[in-house]
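Contents: one structure, followed by commentary.
Just so it is clear: chains get the letters A, B, ... in the order the sequence lines come, proteins before strands, and each one is counted from 1. Scope of the values below: all heavy atoms of this structure, side chains included, with no hydrogens, waters or symmetry mates.
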Amino acid sequence: NAGVTQTPKFQVLKTGQSMTLQCAQDMNHEYMSWYRQDPGMGLRLIHYSVGAGITDQGEVPNGYNVSRSTTEDFPLRLLSAAPSQTSVYFCASSPPRTGVFYNEQFFGPGTRLTVL
Amino acid sequence: GNSVTQMEGPVTLSEEAFLTINCTYTATGYPSLFWYVQYPGEGLQLLLKATKADDKGSNKGFEATYRKETTSFHLEKGSVQVSDSAVYFCALTGSSNTGKLIFGQGTTLQVKP
């Protein structure tokens, strides 16, 4: 299993450009999510999905769009990049809850995005 | 709402020293608690977890006990190694079905030989 894969690893954009960060997992996990990591702020949830065709907003969704057409893929779209979106982006996946127990999330290696 | 607070870093220790990283949380209901580790240039990996009060999670010599009375989940290791140098994140999931993780701000640990 490749686990959770993310592309690209690094990206530089100019303000106003759009792009899509790719995320794929081969573990048949229902739950997928996108986080951004900024210094001193931990990881903050952008969007998440509990299954194909179902998405919802997290803590910091503005400026980002997602869709989930398949179980495997969960792309994150930046509609019009801004310097405030300079960050490291992580995708994660998890199987659904087992009874009352929450299963661990598996993280991808991250995409480092710089917006000039 | 739910939140996690970790001790501020960076924490600098000599090899074989005892490690404690404090983590406290605020949550309704019965959250599950996690410690994740991020090595330089990598994504996060689950280090250990606990799903109910008084549970002790352990892995690679690290331990943490879910203390509901003090709303804490402190990370400890008896003897750290240089290879333990990383950023450590405390996190919780709430009582909803989504399993969303809420993270603390992270604590950087540097172990010197």
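Hydrophobic clustering (side-chain heavy atoms under 4.5 Å, transitive across Ile, Leu, Val, Met, Phe, Trp, Tyr) keeps Ile46(A) apart from Leu79(A). A chain of hydrophobic side-chain contacts below 4.5 Å, direct or via other Ile, Leu, Val, Met, Phe, Trp or Tyr residues, connects Leu47(B) to Val4(B). By the rule that hydrophobic residues join a cluster once side-chain heavy atoms approach within less than 4.5 Å of another member, Tyr25(B) and Tyr88(B) end up as members of one cluster.
Of the atoms belonging to Glu59(A), not a single heavy atom falls under 4.5 Å from chain B. Looking at Gln38(B), the atoms closer than 4.5 Å to chain A (heavy atoms on both sides) all sit in the side chain, from C-beta outward.
Note that CG of Leu101(B) and OH of Tyr31(A) are 6.5 Å apart. Values are rounded to the nearest 0.5 Å. The distance from atom CZ of Phe107(A) to atom CG of Leu46(B), rounded to the nearest 0.5 Å, is 9.5 Å. One distance of note links CD of Glu104(A) with CG of Leu48(B); it measures 11.0 Å at 0.5 Å rounding.
The 12-atom threshold is not exceeded at NZ of Lys112(B), counting heavy atoms of other residues, nucleotides or ligands nearer than 6.0 Å. Heavy-atom neighbours of Gln17(A) CD from other residues, nucleotides or ligands within 6.0 Å: above the threshold of 12. Environment of CD in Glu16(B): sparse, with no more than 12 heavy atoms of neighbouring residues, nucleotides or ligands closer than 6.0 Å.
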Problem - side-chain contact (heavy atoms from CB on, under 4.5 Å) evaluation trace for Gln105(A) with Tyr36(B) - result: CA-CA 10 Å; Gln105(A) 292 194 21; Tyr36(B) 281 82; 3.7 Å; yes
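Under the side-chain contact (heavy atoms from CB on, under 4.5 Å) rule, Lys100(B) has a single partner from Asp56(A), Val50(A), Leu45(A), which is Leu45(A).
Contact count against chain B (heavy-atom pairs under 4.5 Å) is highest for Gln37(A) among Met41(A), Gln37(A), Arg112(A), Arg44(A).
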